[in-house]
Number of protein chains: 2
Amino acid sequence: MVNKQSKIPIYYQLEKAIKNEIDKSGMEPHSPIPSEREYAEKHGISRMTVRQAINNLVSQGILYRERGRGTFVSEQKFEQDISQLTSFSEDMRNRHLTPSTKIIKMNECVGPSAAHDKLKRTNEDVIYEIVRLRLANNEPIALETIYTPKKLIGELKDHQIETSFYHYLEATLGLSIKRGFQSIEAGLANSEEVTYLKIKKNDPVLIMHRISFLDDAAGTPIEFVKSIYRADRYKFNIEMNR
Amino acid sequence: MVNKQSKIPIYYQLEKAIKNEIDKSGMEPHSPIPSEREYAEKHGISRMTVRQAINNLVSQGILYRERGRGTFVSEQKFEQDISQLTSFSEDMRNRHLTPSTKIIKMNECVGPSAAHDKLKRTNEDVIYEIVRLRLANNEPIALETIYTPKKLIGELKDHQIETSFYHYLEATLGLSIKRGFQSIEAGLANSEEVTYLKIKKNDPVLIMHRISFLDDAAGTPIEFVKSIYRADRYKFNIEMNR
DNA sequence: GAGTGGTCTAGACCACCGC
DNA sequence: CGGTGGTCTAGACCACTCG
């Protein structure tokens, strides 16, 4: 029930109440909720206020309207989760595979370099170069090179990057990643890649570049990554809206 | 100026008018637009109607509000446009290239086939198979095969698919595409691809598969596409959120 | 205090759907 | 036909910002 004396806006109370109703009473997708006029009368509020509550739920993808028919519970609640930035480890777990990591090498570099440029660092800044072999169910899938500024990461030990780098950034350092730009190309494996990925010379590979940015006002670049994926073991899946 | 007699909703007219104002008059980010009451008085409409127009622009990321201060032009206009489903033609224009198309062949097929399965069609349904060579600045970029159900598309003529298939679906047929699933792999060019794309045997290529769905309640599959991109001329760019 | 956006009311007419 | 959501009005009071 909504409380008209409360400082909390009525539309907001109603929004939460409707959401609760759907979750608790286990309403099926495509089943109708009461009409706007019913809600208005039941709570003794204006229909426009009811509409504001329902509008919010519609834009959250929880409800949908059909003119002349009514308002219904949506099927998919997570329209926002489309095309999410994921780490290799998360990606593999989504595919029901077990990720693991083998560190090939770790260097500290000063500029100038492409990585200094991409990460918007001065040439004096130290940047880690970390090369890791990524495996799924113990099969090599990708050879990955991460560049990340020491100033933001601090001293790095091997064991900290033996699992998920994203997890380390987020859980241990408390950094929050906001977004990233990826590009995906095709190419042929070079001799180093052939060795680590256990494929043949000139086998096709997917080449992924990514720059990720922190969720701060400046949108600070936090990592620049180049990954080489075995084409016979990996493909990118993307859901897109129009 | 809004027309109160028009069948087009006032809020929608105003929404477009404000958007135009911002684009045309080259308003800078963070500069204020007129207040809601000003718009209401100027057009002789209710403030609630003005709010509906502005709300839409806010949710599109074009404007932002600050309580007690006003409504302002946003910095980034296209937060929503992340990872958008785009046609080849749109994609090329975004890259400042001129797209063109050469139709290789067009068949009508009945099932069973993988396309019938993907498009959720019965074996009796006729499905178009359209093979097109896609060029940018007259250079071959991709060899594309589209499967689309005749039931939804109607009779197809060559000239209707010489430009953008999406444009034909949307502008001519009035179909609205909601979302699509894409996968991106790497592979080696086969002899047919070599010929059309003017590359060498065993050159690397990007293989893209896509299924797109209509914006109806059922989410009807409207196209299943396989595209082979020249790896030396094309890469996919994706912006992702976390 | 004047102006802004945020919330809310109590109506109204319309287009559309399903019976 | 009655019920639905879509649009719109002409007000109102509030919380907030700024000079």
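Numbered from 1 within each chain, the chains take letters A, B, ... in sequence-line order. Computed from a prediction, not measured in an experiment: that's the story for all the values here. All values below come from the heavy atoms of this structure, side chains included, with hydrogens, waters and symmetry mates left out.
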**Asked** Looking at side-chain heavy atoms only, is the closest gap between B/N237 and A/Q182 below 4.5 Å?
**Response** no

**Asked** Does any donor-acceptor pair link the side chain of A/R37 with the base of D/dG5 at a separation under 3.5 Å?
**Response** yes

For [X] and [Y], test the side chains for any donor-to-acceptor distance below 3.5 angstrom and give the result as yes or no.
X      : Y      : value
B/E162 : B/T101 : no
B/Q52  : B/Y12  : no
B/H116 : B/Y147 : no

**Of A/R67 and A/Y12, the one whose closest DNA chain C nucleotide lies more 5'** = A/Y12

**Asked** If you pin A/G68 and A/I10 to their nearest nucleotides in DNA chain C, which one's is more 5'?
**Response** A/I10

**Sequence neighbours excluded, every pair satisfying salt bridge (Lys or Arg N to Asp or Glu O under 4.0 Å) that has a member inside residues 51-68 of chain B** = B/E36-B/R51, B/E36-B/R65, B/E66-B/R69

**Any A/S35 side-chain nitrogen or oxygen under 4.0 Å from OP1 or OP2 of D/dT4** = yes

**Complete:** chain A reaches DNA chain C, atoms under 4.0 Å from its heavy atoms, from C/dT7 to C/dG18

**Message:** Categorize B/I54 for me: base, sugar-phosphate, or nothing, with a 4.0 angstrom heavy-atom threshold over every strand shown.
**Reply:** nothing

**Message:** Mind checking if A/K7 touches a base, just sugar-phosphate, or nothing, with heavy atoms under 4.0 Å?
**Reply:** nothing

**Request:** Between B/Q52 and B/R47, name the one whose nearest nucleotide on DNA chain D is closer to the 5' end.
**Result:** B/Q52

**Fill in**
B/E66 CD to D/dC18 C1', in whole Å, measures 13 Å

**Prompt:** Can you check the A/R69 CZ to D/dT4 C1' distance for me, whole Å?
**Reply:** 10 Å

**Asked** Under 6.0 Å between the ring centres of A/F165 and A/F88?
**Response** no

